[in-house]
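Within every chain, numbering begins at 1; the chains are lettered A, B, ... in the order of the sequence lines, protein sequences first and strands thereafter. Predicted model, so just to flag it, every value in this text is computed and none were measured.
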Amino acid sequence: MPTYTPAQQEAIACLDAPLQIIACAGSGKTQVISQRISEILKLPGVEPRHVAAFTFTEKAAAELKDRILSIVEQEHGSATGLAEMYVGTMHAFCLNLLQTYVPETFKYSVLTEQTQRLFIDRNSRRSGLTECPTLSAGTPHLRRFIHSRLYTQVMSILTEDETDLSLVCEEVKAAVGKYRDLLEANAYFDYTSMVDRAVRFLESPDEGIGTAAHALLQHVRDDVKFVVVDEYQDVNPLQERLIRGLVQFGANLCVVGDDDQTIYQWRGSEVANILTFAGRYEGIRSVTLAHNFRSSQGIVALGRRVAEGISVGNRLPKSMEHASHQTWDRGDIIAGAYLTPEDEAAAICERIQDLRGVAFTDRPGTEPRGLSWSDVAVLYRSVAADAGPLVAEMERRGIPYIVKGLTRLFDSREISAVVSLFRYMTGHAAFADVEALWAVSGLLAPGVSVAAAKPLLDAGADFGRGERWGTYNLQRLYLDVLDALGIREDTVPGDPVRGELAMYQLGKFSQVISDFEAIYFSSNPKDKYDSFVGWLEYQAPGYYDEADLDTGYATPDAVTISTVHQAKGMQWPAVFVPCLRANRFPSKRHGGLGVFHVVPDTAVPHADRYRGTVEDERRLFYVAVTRAQKFLYLSFSPGTSRLFQKASAFFGEATTVPFVSTAAPLLGASVARLEPHPRVEVPQVTLSFSELKYLFECPYQFKIRFLYGFNPPIHEALGYGKGLHDALAEMHKRALDGDVLDATAVDELVQRHLHTPYAYPLLREQLERAARAALKRYFVLHGDDLPRTLHSEKQIQVHVAPGITVDGRIDLIKRLETDEVSIVDFKSTYRAQAEDVTRDQLHVYAVGYQELTGTSADVVEVLNLDEDGKNTRETVVGQLLIDVRDRIHDAGESLRTNKLDRLPTWCSTCAACDVRSLCRSAEPVSQVLTP
DNA sequence: CACACCTTTGTTTTT
DNA sequence: CAAAGGTGTG
């Protein structure tokens with residue numbers, strides 16, 4: 001066990017009272033939580049499934065889980081059942097809870113921000129959008145398309161906050177009900193409704209759906225014994241209700257956070273939750289982790305000064321203390337003012353180049369190394385508004401950088417060219433326009449003309465050819481066009497990086513089509529194409545404004561340029577915070593139609609937090625400052641307009657802190673220098689079963705699907721296989737409770753679970769018949785096995801090495817008549833995404849089962865639900881399990897190093913791959929020329 | 001100092 | 001199209 005401070009030890013050891021951990025920046029919070037959870041797992045009678053730990057992002061969850069597993073493996077040797085410990089977001093927890101215990105919700109899918117807006121606009125009347133009045137004279141009612149984002153904000157505030165509905169006008173209240181009904185009618189959750197549904201189950205079980213509510217509550221009562229909430233300061237009122245609901249039967253609660261780092265008020269975080277925690281729970285213990293192990297004395301002093309500017313009533317009393325080995329030297333912290341943004345950018349670049357090679361010690365007792373590009377971050381209040389001059393200067397000097405949120409997907413020449421195809425098809429552009437855009441797209445190999453795709457476009461635009469709407473598939477047309485033009489990573493002119501970049505843009509567009517088509521799949525074809533083009537022109541550019549270049553899992557050695565928000569939880573040896581201008585940081589309030597023109601601000605407690613206050617901005621500045629380990633450069637230059645002429649109050653305040661210099665020479669030769677050596681970061685790799693399957697099958701296929709983001713076309717029968725799986729899941733779950741169904745339940749099961757939103761009426765009938773037949777057949781062939789069900793939809797997990805985890809669910813685990821344990825995977829032909837189960841995958845299941853129970857399964861089998869489908873059954877062999885572990889490990893490594901190569905030669909995998917046209921020619925090349 | 005008028009701007013982002 | 005900073009007037 002590493003050494004802990006007395007406060008850390010106290011937090012780790014307090015397992016029997018509600019605990020509040022106030023964790024200052026850099027206080028080793030994650031380590032303390034992880035160690036505390038490890039202690040919980042040592043308690044007699046405590047199983048991993050008794051623990052639920054919440055984080056705000058999937059990334060933070062992966063890191064926390066990995067840390068816990070490392071500690072547990074070290075201290076307990078190995079432990080079984082860890083897959084059943086919940087570490088994740090509250091959203092995923094709620095979704096999981098509902099889709100495990102409430103059969104009616106098994107078929108629900110989740111709307112993203114994009115599909116949610118598409119859905120609301122397509123149903124603008126039925127969702128109540130156009131009936132919402134506003135306080136603005138110019139806008140008597142919300143309007144379709146224009147106000148759908150505002151509408152989603154209103155809907156989430158009304159369910160996520162403690163809104164006083166008596167102050168909200170009738171039409172808006174009606175809209176909430178209409179929108180909720182519309183979601184349910186279409187089997188959708190949005191991010192709010194999944195939490196809301198779960199909370200309502202926990203709060204008023206009597207109104208629930210009988211047995212489901214009972215089972216859900218039973219699970220919470222029996223299994224949830226320890227709840228840990230990280231980043232508690234960012235919890236919103238609905239999430240606070242969820243926490244209350246989860247601990248209502250006496251579970252131990254531990255909340256961890258720092259009120260000074262509340263930076264998401266504008267999306268509902270309620271600081272009051274953490275400020276008044278002590279008064280709301282009985283007998284709480286409170287521990288403050290005040291020691292900062294990250295930053296030098298100077299940074300800590302500056303941070304403390306910034307935080308002390310928050311008024312006493314809005315802050316928990318605490319004083320961050322310097323405890324790091326980092327030294328402060330005069331000149332490490334500079335607040336510099338410049339005459340123009342260009343001067344400021346140049347000065348930043350000078351410093352960055354000066355810092356490269358400076359000796360730096362990451363941890364006490366380790367060897368120093370030379371700083372490199374990736375040790376530097378430049379943090380802006382608004383990257384979009386202010387980062388331009390710096391990016392230009394970095395570009396000029398050839399300093400490598402990563403920036404998010406500056407480039408817009410729809411401004412790129414690649415996407416302009418692609419959009420023109422659809423404009424041509426709907427008569428909004430001449431073919432000459434298309435040719436002009438493709439000529440400058442940088443996508444076509446020499447000698448290839450977009451004219452090669454014209455026949456496809458003309459045929460596609462003939463909307464009189466067939467009556468089935470599903471045949472007018474946007475995604476298929478798109479992939480066919482790319483194929484006809486021979487566009488692949490290696491045919492795009494330029495160096496390999498250029499090829500990757502282009503494919504990444506094109507993959508994003510595939511996602512754009514998927515989003516649109518998920519909502520508009522079954523519209524009259526002509527209308528669908530027209531809506532698509534209109535949407536591409538007016539809506540989509542605003543939906544997909546960040547074309548953040550995801551570099552995959554490999555981390556390049558480059559300067560990070562990002563917003564302060566995105567820097568939360570991170571640290572760098574050197575941090576720059578430029579453009580500290582009045583009206584920018586702190587940001588002035590903004591105009592325009594807002595939520596409080598629809599909902600009166602008196603109906604929402606602390607409504608101001610949604611608009612943003614100066615204190616909120618101060619907390620954001622506090623986060624920025626405390627990211628730095630040693631070097632911190634604050635700077636100001638007047639902006640282009642009248643509004644941004646003066647320096648930020650924060651800037652002036654910083655200059656009054658003794659550790660801060662207003663000018664200092666470059667370090668030059670005055671400090672020790674070493675060869676630049678970027679810090680080694682181990683990116684977390686968490687793979688789902690289906691991702692792993694693709695990675696095993698063909699690494700390049702994985703790259704096309706998951707890194708570039710290409711999606712296969714929607715199949716009209718989509719949902720059939722899922723429906724069968726869900727029906728079987730209900731059968732097995734009820735069998736586990738002693739409720740063994742027979743064939744008379746088939747109609748009801750199909751009715752409840754089969755959801756095929758893209759099927760035309762005739763196909764829907766066919767699918768229903770097929771589903772009934774499949775379930776009846778299952779009852780005949782396997783009905784007798786039902787009582788021998790051991791687990792249904794069992795969550796498993798394989799932790800292969802630090803940072804590499806595979807997550808997944810096993811359809812069914814049952815005891816055979818021979819008393820052996822069998823792992824079963826169901827298969828159905830109609831299952832849209834050809835989920836072929838390979839032997840490898842089955843053996844991964846077997847490994848997961850082993851980690852879960854500590855015992856080995858005897859056989860793995862594939863059970864085909866089709867009438868004449870083939871089943872397989874295979875003995876689990878120990879050596880195979882070891883081999884599979886090695887293969888997962890290799891797969892994870894290839895991801896981290898970004899080595900995702902094509903299979904060397906054409907093979908059966910290629911023949912079955914539905915994205916192969918993006919990889920190589922369909923025909924195997926018989927004569928390969930080798931230079 | 002109070003007020004009217006004119007000008008400029010439009011953030012931050014996860015699930 | 002709304003809001004608030006800046007500027008000018010009394």
With sequence neighbours left out, what residues match [X] under side-chain contact (heavy atoms from CB on, under 4.5 Å)?
{"X": "A:H590", "answer": "A:S587"}
{"X": "A:Q511", "answer": "A:S514, A:D515, A:N711"}
{"X": "A:D181", "answer": "none"}

In whole angstrom, what separates [X]'s [atom1] from [N]'s [atom2]?
{"X": "A:I561", "N": "B:dT12", "atom1": "CD1", "atom2": "P", "answer": "15 Å"}
{"X": "A:E58", "N": "B:dT15", "atom1": "CD", "atom2": "P", "answer": "6 Å"}
{"X": "A:E231", "N": "B:dT13", "atom1": "CD", "atom2": "P", "answer": "15 Å"}
{"X": "A:I263", "N": "B:dT13", "atom1": "CD1", "atom2": "C1'", "answer": "10 Å"}
{"X": "A:L379", "N": "B:dT12", "atom1": "CG", "atom2": "P", "answer": "14 Å"}
{"X": "A:D616", "N": "B:dT13", "atom1": "CG", "atom2": "P", "answer": "15 Å"}
{"X": "A:L406", "N": "B:dT13", "atom1": "CG", "atom2": "P", "answer": "12 Å"}
{"X": "A:Y264", "N": "B:dT12", "atom1": "OH", "atom2": "C1'", "answer": "7 Å"}

Say you pick atom C1' in C:dA4 and the same atom in B:dT11; how far apart are they, in whole Å?
15 Å
Which residue, A:T139 or A:N583, contacts DNA chain C at a nucleotide closer to its 5' end, judged by nearest heavy atom?
A:T139
Salt bridge check, A:E104 against A:R197: does any charged N sit closer than 4.0 Å to a carboxylate O?
no
Only pairs at least two apart or in different chains count here, so list each side chain to side chain donor-acceptor pair (under 3.5 Å) that has a residue in residues 51-64 of chain A.
none
Taking salt bridge (Lys or Arg N to Asp or Glu O under 4.0 Å) as the definition, give me every residue that meets it alongside A:D259, ordered by chain and number, with sequence neighbours left out.
A:K318
What pairs of nitrogen or oxygen atoms, one from the protein and one from nucleotides 4-11 of chain B, lie under 3.5 Å apart?
unit_1 : atom_1 : unit_2 : atom_2 : d
B:dT9  : OP1    : A:S641 : OG     : 3.0
B:dG10 : OP1    : A:R584 : NH2    : 3.0
B:dT11 : O3'    : A:S382 : OG     : 3.2
B:dT11 : O2     : A:R381 : NH1    : 2.7
B:dT11 : O2     : A:R381 : NH2    : 2.4

OP1, OP2 of B:dT12 versus side-chain N and O of A:Q566: anything below 4.0 Å?
no
Aromatic ring centroids of A:Y264 and A:H565 under 6.0 Å?
yes
So what does A:E113 hit on the nucleic acid, given a heavy-atom distance under 4.0 Å: a base, only sugar-phosphate, or nothing?
base
